[in-house]
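Taking it in order: structure first as structure tokens, then the write-up.
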Number of protein chains: 4
Amino acid sequence: MGQRGRQKGSVGVKSKEAILTIAAEEFAEHGFHETKISTIVKKAGLTQPSFYLYFSSKEAIFQELIHTFHHKLIHLTKNSRIEPNLDKNILASKIARGLISIFKFFDDHRHLTKIGFFIADEAEEIKRGMVAHITENLLAEQQDKYFRQDLNMQIVAECIIGAIERLTITKLFTNESTPQQLANEIVDIYLYGLQNTES
Amino acid sequence: MGQRGRQKGSVGVKSKEAILTIAAEEFAEHGFHETKISTIVKKAGLTQPSFYLYFSSKEAIFQELIHTFHHKLIHLTKNSRIEPNLDKNILASKIARGLISIFKFFDDHRHLTKIGFFIADEAEEIKRGMVAHITENLLAEQQDKYFRQDLNMQIVAECIIGAIERLTITKLFTNESTPQQLANEIVDIYLYGLQNTES
Amino acid sequence: MGQRGRQKGSVGVKSKEAILTIAAEEFAEHGFHETKISTIVKKAGLTQPSFYLYFSSKEAIFQELIHTFHHKLIHLTKNSRIEPNLDKNILASKIARGLISIFKFFDDHRHLTKIGFFIADEAEEIKRGMVAHITENLLAEQQDKYFRQDLNMQIVAECIIGAIERLTITKLFTNESTPQQLANEIVDIYLYGLQNTES
Amino acid sequence: MGQRGRQKGSVGVKSKEAILTIAAEEFAEHGFHETKISTIVKKAGLTQPSFYLYFSSKEAIFQELIHTFHHKLIHLTKNSRIEPNLDKNILASKIARGLISIFKFFDDHRHLTKIGFFIADEAEEIKRGMVAHITENLLAEQQDKYFRQDLNMQIVAECIIGAIERLTITKLFTNESTPQQLANEIVDIYLYGLQNTES
DNA sequence: CATGAATGAGAGTTCATTCAT
DNA sequence: CATGAATGAACTCTCATTCAT
């Protein structure tokens, strides 16, 4: 089991991963321009040229991180299609489950999330993708009469993404709320509205 | 009336304003680091040393723009306190009016908004201020029983700011929607929720 | 005569010219790669960023020098067309005059010549141009029966350029021969050949 | 015959030769500085440290190629002394034979020739050697009255080398002319001159 | 005989900022 | 009020070369 001297995690791979991890940290905390290659390699215990052994440029590693984030996010999204024929209670919990998985994902990948969802120029595009996906789901459910017929679901999707965005920064990354709590609150707010229906 | 030799619109004031306007444009479009002083002064028909006649540093002019945005925003907020004792219909239109004034303000100051609400590190703090203000209002209305008692109004406020943020970028700044439309849709969504109550 | 404070040779112009002169020297002596911007500016009494005040890159200044050389060379060539209807003696001295002007030009611009005629990749193309020009002249004279009818004048032109090239390096730049001497020797060799016709 | 374990064509020798061949190609095409060790070893299917198994430095392999060229060239020259007492026709063909062998040699070793005759700093010295050798031959023949007495044979030799140089690049390496053709044209031009002697 | 991994040393370039006028 | 000219301080990136295996 495992060849001698060639086990996964060989030195080079480790160095590359170290650089990636540290770069994610630095980019997340300081943004693209304020992050220096010199800092990254120093923290990784390497010298500058080593960086270029693994990445062709500062842009390249940044893009790689964005790509990783986007890729994982898409993967997540694919496995979360809502199946039809649910009653209303199940719908709520179903939506909540989707939101939980997103918040959990963000929570598990805080650095990547900061980079790909907040810092990168591509963040806008990534969000557009999520909005499209959510819109699609909402429309299906709207057609099945679970939702009001007079709502513009794209606008709704934008609102939800905006809510996710804000809560991720202010509640999730500050450890003030858990993914579950956030998901439930969003469902509660968006499904039933603010209005006091008990006279 | 008017001081000798220093009437408003004198060369210096004009130059400073030209720089501010162009800087706002550039920062809004390219962000802080990608904006070069050399570009700003070139567009203003000046040379680099002139820049330092009016601003002590690149940081300083950026801060001045942020400050201007923040200041105007606070001024806006002050004039929009919700007075008590409204019936529900009036409440909706009252909230809408608040949102309209925000969207209008953003629309009228696109460059400043991009800078102060999306680009600056201080954006987070500015949003926090808005959230606090909204939360306050929502709590008052919640106590007056206009809103459901079981909602965490701070979370609601965050969601609303998130929605404003997203819609500003994707609908307002793209000229796809007007402040009125956006305000109404937000009110509609947040007040009544998605849930189909008919049938 | 001459405006105060704006006479030609203002500081900036002087700096640029200093850099150009020194750069020509350095490139001529050490070639493109071995020439360092740091050395050039040091010799000009400036710091590195100043270089970029006047030239956009190391490549750019090198190209500018090549261009200057090429431009001057073309100018020289234009003013040296051989007019028709000469008797043979006059032809010889006419050709000599052309060669003298070339050697003189090379002698007066040793650094530029080394760069544009020997170091630059573009040297080949520049020589091609000269060969074309010489070929043209030779062909005209061949048609006028001054030269043997059975010679391939392009080959002749290549030989002449080759001779000029070699003699420039080994006799002119070493101060062993003057332009006049070299021109006469070339005319003598190429016009009458090596063969001993006496006896 | 053949040492144990060290027969010619062993792995090491093959690798060294592969490197030499590829290096010659690269240096010839791109010059010294633009040729990267990394490129050479990649093309040879080796890694960088292997290079240093066979050559002590980039300079060293370049020198080795120059040396090889120079060595072969000297060897060629040694076997081409012109024996005395020829009549004029035989002289012409004798000279042609010498030139043919040079052009053939250059043609057979295009990469080495580009390096040793055109790229290397040492090219100048190598040419000086050839000029000396040719001068010597020309002087002997001049003393034997085959050539005009009033010619400076060193200058003639420089012209011939210049012609060889140019024609090698523009006619031989472009496959536009064969060694025979070039040799004959040179002999024709230099021996009899351009001048039209008929009528 | 060969390589994976790493580095010392340095090059070109950029930009906010300032001095002298 | 404005500018021509210059610079300090960095930064990204490259490449020949070497160590340990």
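Just so we're clear, the structure is a prediction, and the values are computed from it rather than from any experiment. Reminder, nothing fancy here: chain letters follow the sequence lines and each chain counts from 1.
Each of F/dT7, F/dG4, E/dT18 was ranked by its minimum atom distance to the side chain of C/Pro49; first place goes to F/dT7. The nucleotide whose nearest atom lies closest to any side-chain atom of B/Thr47 is, among F/dA16, F/dG4, F/dT7, F/dG4. Listed nucleotides E/dT17, F/dC1, F/dA9 differ in distance to B/Leu53; the shortest reach to its side chain belongs to F/dC1.
Within the 4.0 Å cut-off from OP1 or OP2 of F/dA5, at least one side-chain nitrogen or oxygen of C/Ser10 is found. Side-chain N/O atoms of D/Ser15 include one lying less than 4.0 angstrom from OP1 or OP2 on E/dA2. Close to F/dA5, at under 4.0 Å from its OP1 or OP2, lies no side-chain N or O of C/Ser50. Regarding contacts with the backbone of F/dA5, every side-chain N or O of C/Tyr54 stays at 4.0 angstrom or more from both OP1 and OP2. Contact between the side-chain N/O atoms of A/Tyr52 and the OP1/OP2 oxygens of F/dT14 is not found at any separation under 4.0 Å.
Looking at D/Gln63, D/His70, D/His67 one by one, the single match for side chain to side chain donor-acceptor pair (under 3.5 Å) with D/Glu122 turns out to be D/Gln63.
As a whole-Å value, the separation of C/Phe51 CZ from F/dG8 P is 18 Å. For A/Ile37 and F/dA10, the CD1 to P distance is 17 Å, given to the nearest whole Å. Per the geometry, NZ belonging to A/Lys36 stands 16 Å off P belonging to E/dT14, to the nearest Å.
Nearer the 5' end of DNA chain F, as judged by each residue's closest nucleotide, is the contact made by B/Gln48, out of B/Gln48 and A/Ser56. Each of D/Lys58 and A/Glu59 has a nearest nucleotide on DNA chain F; the 5'-most of these lies closest to A/Glu59.
Looking only at distances, a side-chain donor or acceptor of C/Lys127 sits under 3.5 Å from a matching main-chain atom of C/Phe117. Judged by distance alone, with hydrogens and angles left aside, the side-chain atoms of A/Lys58 form a donor-acceptor pair with the main-chain N or O of A/Thr35 at under 3.5 Å.
Residue-environment remark: NE2 (A/His71) stays at or below the threshold of 12 foreign heavy atoms within 6.0 Å. Heavy-atom contacts from other residues, nucleotides or ligands closer than 6.0 Å to NZ of C/Lys36 number more than 12.
Pair check for F/dT12 finds E/dA11; Watson-Crick or G-U wobble, both atom distances under 3.5 Å. In this structure, E/dA20 and F/dT3 make a Watson-Crick or G-U wobble pair, each of the two defining distances being under 3.5 angstrom.
Using a 4.0 Å heavy-atom criterion, one finds that B/Thr39 contacts no nucleic acid atom at all.
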